[in-house]
Amino acid sequence: MTSGSEQPGGGMQGGGQAPTGRPDSGLSYVPAGWLIFVMAWSVYGLASAWWLTGNSGLPDRIFYFLLGGLAVDIITILWGLYLLGLAFGRSARFPRQFIIWQVATIAWVLARQAYVLAVPDFVFSARSLLIGGAEIAIGLLCIYLLRRGSGAEGVYARPRAEAPSVFVSIVAALLGIILGAVIGAVGGFLAGSVIADVAEVSCFEGGCGYFAAFIGLAGLVVGAIAGGILAVWLVHRPRRQPVA
C-alpha cells in the first residue's frame, strides 16, 4: 500500500527532476564525444589547407569545391561549439539540436561523395568512400542514441528556458576563440623558442625560427579550440539556485 505522496513506478514529480523513462546506460554521452572529434577534424582540415591561399593552378571545379569544404569546416566548428555548450549544460535542447546538426552533416557527406564521383577531375578512392560511410554510420548511431525514449532525456534534462540563446552562445564562442588563439599563439611561440634553444635546433636558413613558428601555429589551433569550448561552457554551466 502506497502513501499519498508516493507514485507507483518510482517516478519523481515536479521540482525540475529528470523525467521518467528507461535508465540511461551512459551511451548518450557518445554523441558529444563524436561532436568533439568532428570539430577537431574540421580544425585539422582548416590548418592543413593553408596552401590553397597561394595555389591558382587547380581546376575551378576542384578549387571551389575545396573552398566550400573549408566553409563547411568553419560552420561545423561554430555550430559544434554551440552544441557543446548545450551538452555541458545538460540542456534539454541538446538531443534535438544535435540531431538537426547530424542530419545536416550526413547530407553534406552524401553531397560531397556524389560530387567527387560525378566530377571526372577527381580520382576514385575506395578509402574516401569507406571514410564517408563510417561518418554516416556513426552519425546514424548517434541519432539513435538520442532518440525519444532512449534515456537521454534523463541526462539532458535542464529546462529549455534556462539555456542561453543561440546569439549569446555564438558571441561567447567567437570571443573565446579569438582570445584563446592569441594566448595559444603567443604561448606556443615562446615555448617553441625555448625548446629550440634547449634542443639546440639549428638556425641555418631560419630553421629555429620556423620551428618556433610551427609550435606557435599549433598553440593557436589548440588555444582557439580550448578557448571556444571554455567560453561556451561558462555560458551554459548550470547556475546554483539560492537557498531559500
Side-chain angles (χ1 to χ4, degrees), residues 17-49 65 68-118 122 124-160 163 166 169-170 173 221-222 225-226 228-230 232-233 236-238:
Q17 299 295 328
T20 59
R22 291 185 353 178
D24 180 67
S25 61
L27 293 177
S28 56
Y29 293 104
V30 171
W34 171 242
L35 176 62
I36 293 174
F37 176 82
V38 173
M39 291 173 58
W41 189 258
S42 297
V43 171
Y44 173 78
L46 290 175
S48 62
F65 170 77
L70 295 182
V72 171
D73 287 338
I74 294 174
I75 294 173
T76 297
I77 294 169
L78 295 178
W79 198 349
L81 286 171
Y82 168 68
L83 293 176
L84 280 182
L86 296 180
F88 291 157
R90 303 290 183 87
S91 172
R93 293 182 182 179
F94 177 72
R96 175 178 170 79
Q97 294 297 323
F98 176 89
I99 290 174
I100 294 174
W101 169 82
Q102 187 61 79
V103 170
T105 301
I106 291 176
W108 159 248
V109 173
L110 292 173
R112 181 186 67 197
Q113 292 297 330
Y115 185 87
V116 169
L117 293 175
F122 291 97
F124 173 79
S125 171
R127 177 175 174 270
S128 176
L129 285 178
L130 182 62
I131 293 176
E135 290 182 71
I136 294 174
I138 297 175
L140 293 176
L141 173 62
C142 290
I143 292 176
Y144 176 78
L145 293 175
L146 293 180
R147 73 194 187 283
R148 289 182 180 274
S150 64
E153 62 272 15
V155 175
Y156 304 103
R158 186 181 176 192
R160 296 172 182 267
V166 176
S169 299
I170 292 177
V221 174
V222 174
I225 296 176
I229 292 176
L230 178 60
V232 175
W233 176 79
H236 285 264
R237 64 177 178 174

Query raised in the report: CG of Leu78 to CG of Asp73: how many Å apart, nearest 0.5 Å?
Result: 11.0 Å
Query raised in the report: Are Ile100 and Trp79 side-chain neighbours, meaning at least one heavy-atom pair lies under 4.5 Å?
Result: yes
Query raised in the report: Does the ring of Tyr144 carry Arg147 above it, NZ/CZ under 6.0 angstrom from centre and within 45° of its axis?
Result: yes
Query raised in the report: How many angstroms lie between atom CD1 of Ile136 and atom CD1 of Ile131, to the nearest 0.5 angstrom?
Result: 12.5 Å
Query raised in the report: Are any non-hydrogen side-chain atoms of Leu84 and Ile36 less than 4.5 angstrom apart?
Result: yes
Report task. Could you tell me the separation between the CH2 atom of Trp108 and the CD atom of Gln113, rounded to the nearest 0.5 Å? Result -> 10.0 Å
Report task. Walk me through it: do Val116 and Phe65 pass the test side chain to side chain contact (heavy atoms under 4.5 Å, CB included)? Result -> CA-CA 9 Å; Val116 169; Phe65 170 77; 4.0 Å; yes
Query raised in the report: Rounded to the nearest 0.5 Å, what separation is found between the CG atom of Leu145 and the CD1 atom of Ile99?
Result: 10.0 Å
Requested in this report: Any chance you could measure Leu35, atom CG, to Thr76, atom OG1, to the nearest 0.5 Å?
Outcome: 9.0 Å
Query raised in the report: Is there a side-chain contact between Glu135 and Val38 (heavy atoms, below 4.5 Å)?
Result: no
Query raised in the report: Is any side-chain heavy atom of Trp101 less than 4.5 Å from a side-chain heavy atom of Tyr82?
Result: no
Report task. Using a 4.5 Å cut-off on heavy atoms from C-beta on, say whether the side chain of Phe94 contacts that of Leu146. Result -> yes
Query - Heavy-atom side-chain contact between Ile138 and Cys142 under 4.5 Å - result: yes
